[in-house]
Structure formats: C-alpha cells, structure tokens
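Note sheet for the following structure.
Please read all numbers here as calculations on a predicted model, not as lab measurements. Hydrogens, waters and symmetry mates are skipped; everything else that's a heavy atom, side chains included, is used.
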Amino acid sequence: MVLEIAVDRLEDARAAEGAGAQRLEFCAALALDGLTPTLAALDAVLDAVRIPVAVLVRPRPGDFVHEPPEADLYVAEVRAVATRSVEAIVVGALDREGGLDLPLLGRLVDAAAGKTLVFHRAFDRLRDRPDGARALAALGFARILSSGGAPDAAAGREGLRELLALPDAPRVVAAGGVRAAGAAALLALGDLDLHSSARREVLARDEGVGSGEPRRLSVDEVSALRANLPAS
C-alpha cells in the first residue's frame with residue numbers, strides 16, 4: 001500500500017516527501033485537475049526528491065476526447081516526459097461513446113517507451129469500468145486511479161471493491177476526495193494505494209497579493225494519511 005500525493009509545485013513536492021508521501025504525482029495546474037508540467041519544472045522536482053515521481057500528461061483541461069491534431073500533441077508530450085527518470089506516466093483518453101480510445105492509448109503506450117503507465121480518473125467516466133480495467137491491463141497499464149465511479153472515493157467504496165475483485169486487473173489507486181478521516185475505510189477494502197492532493201483552504205490574507213492559490217498542501221494531512229498505512 002502506497003500513499004501518493006498530487007502536487008503542482010516544487011515546494012509542495014519537497015514538503016509532501018518530508019511529511020511521509022511515498023510517491024508523488026507531479027503536474028501543473030491542480031486547480032484545473034492537472035495538466036502536463038513543463039520539463040524544466042519536472043526536472044527540478046526529480047532533482048529535489050528521492051521518492052518515485054509519476055507525471056500527469058494531459059494537454060488541456062476539459063473532457064478526455066482527443067481528436068487530431070491534439071492527439072498528436074498528446075503523444076509528443078508523453079514521448080518527451082518518457083526521456084526523464086520518472087516512475088510512471090499518467091494518461092487517459094476516451095472516445096465519444098464513453099469507451100476507451102484504444103487507438104490513441106496504443107500510441108501513448110508506444111510513446112512511453114517502456115515506462116510504467118497509469119490511467120487517470122477519466123476511468124470513472126467509462127460506461128463499463130470492469131471491461132475498461134481488463135482492456136487497460138491488456139494494453140500494459142499498471143495502475144488505475146478511481147473513485148469507484150462516484151464523486152469521491154468514500155462514496156464509491158462498492159465500485160472500488162468491484163475493481164479490486166477483478167483478476168489480473170491493474171492495481172487500484174483510490175482517488176477523489178481522499179482524506180485521512182476516511183483512509184481506514186478505504187484501506188479495509190483490500191490491497192490498494194491512496195492518492196490525495198492533501199490540500200486545505202487558506203485565507204486570502206495568507207496568500208500574498210496576486211498569488212492566485214486558493215488551496216495549499218497541508219503537511220499535517222499528509223502525515224495523517226501516512227499514519228493509516230502500514231510501516232514500510
């Protein structure tokens with residue numbers, strides 16, 4: 001069981017590691033549910049931390065349907081990230097009917113050049129999540145981020161339980177509103193990982209003029225989450 005913390009800033013990457021995170025998901029613009037970070041920002045994080053770093057590759061906010069030439073940009077971004085010493089690359093692509101975009105996913109697998117692949121929470125928008133999990137396993141995906149099809153992981157426990165029961169499926173990473181207060185109930189479902197941004201609201205006066213950051217990483221929340229997991 002691994003605690004993965006999503007961060008979009010170098011200082012948060014350092015702080016999350018210090019508070020007990022076992023893996024990071026690094027991205028840009030968490031307020032937009034994450035976008036592809038710059039390679040310079042990624043390099044800075046890789047130089048600053050010792051724990052594994054997964055990188056979200058998502059070329060734009062919004063839905064997860066990518067038509068040409070946007071699909072070509074997606075492939076190029078994955079190929080660029082794959083040149084770095086990242087633990088995993090996090091992607092996701094759907095078709096207009098609510099299924100996996102298998103042709104594009106195949107291209108992303110090739111572009112990843114052997115890096116571990118993770119499917120992000122677009123998974124929860126699939127018409128048939130068990131079939132989707134089996135298809136992702138066949139493509140070589142190692143992990144799936146999911147809230148069990150619900151708005152958050154706490155509400156989606158039965159959906160997560162269903163995924164955990166699938167044979168030979170990618171590893172389940174519970175994601176979506178994961179907090180320390182509900183971590184024990186999620187871990188009781190079975191052998192899964194936890195994914196959280198561990199962010200808290202902060203007062204505008206604490207932010208500095210023009211900071212534009214309504215939420216910040218809480219090291220206390222990271223520590224409390226980590227306390228729920230077995231000692232490594």
Side-chain angles (χ1 to χ4, degrees), residues 1-8 16 21-27 29-35 54-58 61-65 88-95 97-101 105 116-137 139 141-167 169-201 215 217-218 221-222 224-226 228-229:
M1 295 180 176
V2 171
L3 173 61
E4 176 179 280
I5 300 297
V7 297
D8 59 2
Q22 296 159 295
R23 184 171 66 224
L24 299 177
E25 181 191 85
F26 184 59
C27 64
L30 265 175
L32 298 176
D33 294 325
L35 299 173
V55 180
L56 176 67
V57 179
R58 184 178 175 220
D63 66 29
F64 306 105
V65 178
I89 299 175
V90 186
V91 299
L94 306 179
D95 63 26
E97 288 71 48
L100 296 171
D101 184 343
L105 289 172
T116 297
L117 281 166
V118 183
F119 199 90
H120 59 51
R121 282 194 63 208
F123 180 81
D124 288 319
R125 303 193 182 190
L126 289 173
R127 295 185 311 266
D128 189 322
R129 289 184 298 279
D131 277 356
R134 286 186 282 265
L136 289 170
L139 280 169
F141 278 75
R143 301 194 296 268
I144 293 169
L145 275 71
S146 178
S147 62
D152 58 63
R157 286 194 296 271
E158 290 309 309
L160 291 170
R161 195 190 309 275
E162 181 181 25
L163 289 176
L164 287 165
L166 294 174
R171 183 166 182 81
V172 176
V173 183
V178 173
R179 292 292 181 266
L186 292 172
L187 294 171
L189 295 172
D191 185 16
L192 49 68
D193 296 343
L194 298 181
H195 171 100
S196 176
S197 63
R199 286 151 76 89
R200 63 176 176 84
E201 301 295 335
R215 307 181 76 200
L217 180 84
S218 167
E221 178 67 17
V222 176
L225 279 162
R226 181 68 181 86
N228 282 276
L229 274 73

Determine, for Asp33 against Arg58, whether the closest basic-nitrogen to carboxylate-oxygen distance falls under 4.0 angstrom. no
| query | Between Arg143 and His195, is a side-chain contact (heavy atoms from CB on, under 4.5 Å) present by the stated rule, with each step listed? | reply | CA-CA 12 Å; Arg143 301 194 296 268; His195 171 100; over 6 Å; no
**Asked** More than 12 non-hydrogen atoms from neighbouring residues, nucleotides or ligands closer than 6.0 Å to CZ on Arg125, yes or no?
**Response** no
Shortest non-hydrogen pair, Pro151 vs Arg121, comes out as O-NH2, 3.6 Å
Checking the side chain of Arg127 only, and the main-chain atoms of Glu97 only, is there a donor and an acceptor separated by less than 3.5 Å?
yes
*Asp124 side chain to Ser146 side chain, donor-acceptor N/O pair below 3.5 angstrom*: yes
Checking side-chain contact (heavy atoms from CB on, under 4.5 Å) for the pair Asn228/Met1: CA distance, chi angles, key distance, verdict? CA-CA 10 Å; Asn228 282 276; Met1 295 180 176; over 6 Å; no
**Prompt:** Does Glu4 reach the side chain of Asp193, with side-chain heavy atoms less than 4.5 Å apart?
**Reply:** no
Review point. Would you find a donor on one side and an acceptor on the other, under 3.5 Å apart, between the side chain of Glu25 and the backbone of Ala54?
Key: no
For Leu186 and Ala153, the nearest pair of non-hydrogen atoms, with its separation, is CD2-O, 3.6 Å
All heavy atoms of Gly148 vs all of Leu160, minimum pair found to be N-CD2, 3.6 Å
May I have the list of side-chain donor-acceptor pairs in residues 172-183 shorter than 3.5 Å, sequence neighbours left out?
| unit_1 | atom_1 | unit_2 | atom_2 | d |
| --- | --- | --- | --- | --- |
| Arg179 | NH1 | Ser196 | OG | 3.1 |
| Arg179 | NH2 | Arg199 | O | 3.3 |

One should read off an interatomic distance between Arg171 CZ and Ile144 CD1, to the nearest 0.5 angstrom, of 12.0 Å
Nearest heavy-atom contact between Ala133 and Ala169 is CB-CB, 4.4 Å
From the list Asp131, Leu126, Asp95, side chain to side chain contact (heavy atoms under 4.5 Å, CB included) partner of Leu100 resolves to Leu126
When every non-hydrogen atom of Phe141 is compared with those of Phe119, the smallest separation belongs to CD2-N, 3.6 Å
Show your reasoning for whether side-chain contact (heavy atoms from CB on, under 4.5 Å) applies to Leu117 and Leu139.
CA-CA 9 Å; Leu117 281 166; Leu139 280 169; over 6 Å; no
Next on the checklist: With heavy-atom distances below 4.5 Å as the criterion, would you say the side chains of Leu192 and Leu163 are in contact?
Outcome noted: no
Rounded to the nearest 0.5 angstrom, the CG-CG distance for Leu24 and Asp8 is 11.5 Å
Output for pair (Leu187 CG, Leu194 CG), nearest 0.5 Å, gives 4.5 Å
Minimal heavy-atom distance between Leu229 and Leu225, with the atoms involved, is CD1-O, 3.5 Å
So CG of Asp128 and CZ of Arg134: to nearest 0.5 Å the spacing works out to 7.0 Å
